[in-house]
Amino acid sequence: MPRTKFSELRKELEARPGAKERLAAKRAETLEEIRLYELRHAEAISQAELAGRLEVTQGAISKFENAEDIRVSTLRQYLDALGARLELVAVFDDEERRVPIHLAKTDKHPVA
């Protein structure tokens, strides 16, 4: 059976009506759902290296990456250590409205 190059398959797929839009939507959806460890892997940074940057243990990084509930300030530090910044956006589904949320760096006035 002859082999088909991936680039040829991709061209065939992209030639279909609406394919580019569907691929762009899937790409955006995937980026919205990325897990922290996947983001760290994408940056080619080990848990040990990130732990060193944050002055915590490798175990603490593992625990953080698998936590179900995390503090915004801790997430901000994690992302800073990866070379990224945290941006929060409130999304109102009924109006399809997106509102950037700005928190003080020190989180002086936490929401109760």
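What you see below is based on every heavy atom in this structure, not just the backbone, and it leaves out hydrogens, waters and symmetry mates. Please read these numbers as outputs of a predicted model, since none were measured by experiment. All residue numbers refer to positions in the sequence shown, counting from 1.
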When you measure from the side chain of R76 to the backbone of L86, do you find a donor-acceptor pair of N or O atoms at a distance under 3.5 Å? no
CD/Q47 to NZ/K63 distance, rounded to the nearest 0.5 angstrom? 13.5 Å
Nearest heavy-atom pair of A19 and L13: which atoms, and what distance? CB-O, 3.0 Å
Under the side-chain contact (heavy atoms from CB on, under 4.5 Å) rule, what do R53 and D80 come out as? Steps first, then yes or no, please. CA-CA 10 Å; R53 292 179 185 184; D80 284 346; over 6 Å; no
Applying side-chain hydrogen bond (donor to acceptor under 3.5 Å, both in side chains), can you list everything that pairs with E43, at least two apart in sequence or on another chain? none
How long is the gap from NZ on K11 to CD on E14, to the nearest 0.5 Å? 9.5 Å
Path from I70 to L39 over hydrophobic side-chain contacts below 4.5 Å: yes
If you measure from CZ on F64 to CD1 on I61, what distance do you get to the nearest 0.5 Å? 8.0 Å
Connected-component partners of V91 among ILVMFWY, side-chain separation under 4.5 Å: V89
Output for pair (H41 NE2, L36 CG), nearest 0.5 Å, gives 11.0 Å
According to a 4.5 Å side-chain heavy-atom criterion applied to Ile, Leu, Val, Met, Phe, Trp and Tyr, with indirect links allowed, do L88 and Y78 form part of one hydrophobic cluster? yes
Are E65 and R40 ion-paired here, with the side-chain N under 4.0 Å from a carboxylate O? yes
Could you tell me if the side chain of V56 sits less than 4.5 Å from the side chain of L50, heavy atoms only? no
For Q58 versus A51, what's the shortest heavy-atom pair and its separation? N-CB, 3.7 Å
For R85, all residues meeting salt bridge (Lys or Arg N to Asp or Glu O under 4.0 Å), sequence neighbours excluded: E87
Nearest-0.5 Å distance that lies between atom CD in E49 and atom CG in L82: 9.5 Å
Option passing side chain to side chain contact (heavy atoms under 4.5 Å, CB included) with R71 (candidates L75, D69, T74): T74
How far apart are the closest heavy atoms of R22 and P17, and which atoms are they? NH1-O, 3.3 Å
